[in-house]
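Single-structure report; data block below.
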There are 2 protein chains.
Amino acid sequence: MPKDATAPAPRPMRADARRNYNRIVAAAETVIAEHGAEASLEEIARHAGVGSATLHRHFPTRQALLEAVFKSRVEALCAKAHDLLSDTDPGTALVTWLRAVGAHAVANRGLGASLMRGARHGDPTLGNTCHTMIVSAGDELLACARQAKAVRPEATISQLLKLVSAIALATEEEPDGPTQADQLLNLALDGVRLHRTSRPHE
Amino acid sequence: MPKDATAPAPRPMRADARRNYNRIVAAAETVIAEHGAEASLEEIARHAGVGSATLHRHFPTRQALLEAVFKSRVEALCAKAHDLLSDTDPGTALVTWLRAVGAHAVANRGLGASLMRGARHGDPTLGNTCHTMIVSAGDELLACARQAKAVRPEATISQLLKLVSAIALATEEEPDGPTQADQLLNLALDGVRLHRTSRPHE
DNA sequence: CCATAACTGGGGTGGCCCTCCGGTTACCGC
DNA sequence: GCGGTAACCGGAGGGCCACCCCAGTTATGG
């Protein structure tokens, strides 16, 4: 039986079904890379050489398809978070990871939106696995950084991720998206205001 | 260009045309308030009691319609910016104004997106007037604040507005959007990192 | 009052998302 | 090897939408 670790199959999927499933994900990857996450589902189906009904049967909602497409990248991000946990500087580790998340969100257009919609309370089972994965991975990093007093203690991982997602979402369609996103993230991390460093002169 | 509806032209427009124009804007206002900026243009036309062709003739693109709808609010924001120019604390003035921009962007769903799309270089004449108005109004505030060394000097007004828009865009569909947006804006303004001094707010 | 040009909106086109339903095909037991 | 069965496939169609065309209508200047 052909092993593909990406899809757990309690009931074994029929061979042709799995073949089409993989085709659709591959097609979605390329089409989304070109047209963004709002790409036409029919075009994805056309590109995959299947009917639109097949696509909708395998992925009842667009979110489900995005999850399948982005799953490997999200796993890579989580792995990176785990690696960074052993970093000597938890603050820098967190920032590095957030920057990586932002870069991925800008590069894979719509990942940011996907992450945020994953936070929607509507579907408890469908389409929030990526979101919960990212949140739990980042939460550990944030906990370390907070313990090291490297970040503002009132900041939550949800807020940080939302901030990163928002920046990515806002810049992902710009010509120099990655550059702008990085600048904005730096600004947000360091703050816009200048606090008087030596003496608070209020 | 035959129509520049809001500018006082002697008689460029026939009376019925102007009547329909105003009807459409009013209808768009209510429909957008209910369904967001991605509302159906046909529903707006239906609500205004005109044909869809009339709507498209007056507003060739959705952006043009959004501009007309949000123009008064943008003008109010610009007026507020002008008022804040005479504030004693330029830093606080800038922050106050940015917060007001964010609040409006969250409240008037799609204003944020509208502002960002206004930055697109595609249409030089259509649909960036709101954007340029906001930018020039904010630029003066930023200049004052920078002169008073209240903000990081490398921050540009474009970046600040993009940040605010991004936050608004990311939170505008949440149940507690305004609250979240305000928290995120605070975070971004004060910075996530803790540097040498921790003086978040006074 | 009338000629004319501007304005209007019903209807058409094409695209999208999504769902039935009859035909097809892989799989399992014999 | 060989049906029987259930899972699977995809074309066809419905509903919705943005946008355009063209014949009819109406405000307006002379």
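It should be emphasised that the depicted structure is a prediction, and the values quoted were computed from it without experimental measurement. As a basis for the values below, the full set of heavy atoms in this structure was taken, side chains included, without hydrogen atoms, waters or symmetry mates. Note on naming: letters A, B, ... go to the chains in the order of the sequence lines (proteins, then strands), and numbering restarts at 1 for each one.
Side-chain atoms of B/E38 and base atoms of D/dC17 include no donor and acceptor less than 3.5 Å apart.
Note that OG of B/S52 is 9.5 Å distant from CZ of B/R46, once rounded to the nearest 0.5 Å. Atom CD1 of B/I24 sits about 6.0 Å away from atom CG of B/N20, to the nearest 0.5 Å. One finds the CD atom of B/E34 at 13.5 Å from the CD atom of B/E29 (value rounded to the nearest 0.5 Å).
Contact annotation: B/N20 reaches the phosphate of C/dT8 (side-chain N/O to OP1 or OP2, under 4.0 Å). When the side-chain nitrogen and oxygen atoms of B/R14 are compared with OP1 and OP2 of D/dT28, none of them lie within a distance under 4.0 Å. At C/dC16, none of the side-chain N or O atoms of A/R62 fall inside 4.0 Å of OP1 or OP2 (strictly under the cut-off). For the pair A/H58 and D/dC8, the criterion of a side-chain N or O lying under 4.0 Å from OP1 or OP2 is not met.
Side-chain atoms of A/D89 and A/T92 include a donor-acceptor pair closer than 3.5 Å.
Proximity of A/F59 to A/V25: side-chain heavy atoms (C-beta onward) are separated by under 4.5 Å at one or more points. The closest side-chain heavy-atom distance from A/Q180 to B/Q159 is not below 4.5 Å.
Heavy-atom nearest nucleotides on DNA chain D were determined for B/S40 and for B/A15, and the one closer to the 5' end corresponds to B/S40. Mapping A/R57 and A/L41 onto DNA chain C by nearest heavy atom places A/L41 at the nucleotide closer to the 5' end. With DNA chain C read from its 5' end, the first of the two nearest nucleotides for A/D16 and B/S52 is the one closest to B/S52.
The CZ atom of B/F59 sits 16 Å away from the P atom of D/dC20 (whole-angstrom rounding). When the P atom of C/dC16 is taken as reference, atom CZ of A/R46 falls 6 Å away, rounded to whole Å. Atom P of nucleotide D/dC9 and atom OH of A/Y21 are separated by 13 Å, given to the nearest angstrom. Going from atom NE2 of A/H56 over to atom C1' of D/dG15 covers 14 Å, rounded to whole Å. Rounded to whole Å, the distance from CG on A/L55 to C1' on D/dC8 is 15 Å. In this structure, B/I44 places its CD1 atom 12 Å from P of D/dC19, rounding to the nearest Å. Rounded to an integer number of Å, the gap from CZ of A/R18 to P of D/dC8 is 11 Å. Between the CD1 atom of A/I24 and the C1' atom of D/dC9 there is a distance of 11 Å, rounded to whole Å.
Across D/dC9, C/dC16, C/dT8, the shortest atom-to-atom separation from the side chain of B/A17 is found for C/dT8. Comparing atom distances between the B/A53 side chain and each of C/dC7, D/dC20, C/dC18 picks out D/dC20 as nearest. Closest to the B/E42 side chain, of the nucleotides D/dC19, C/dC17, C/dT8, is D/dC19. Residue B/V50 has its side chain nearest to C/dG9 when only C/dC16, C/dG9, D/dA18 are considered.
Using a 4.0 Å heavy-atom distance criterion, A/R19 is classed as making no nucleic acid contact.
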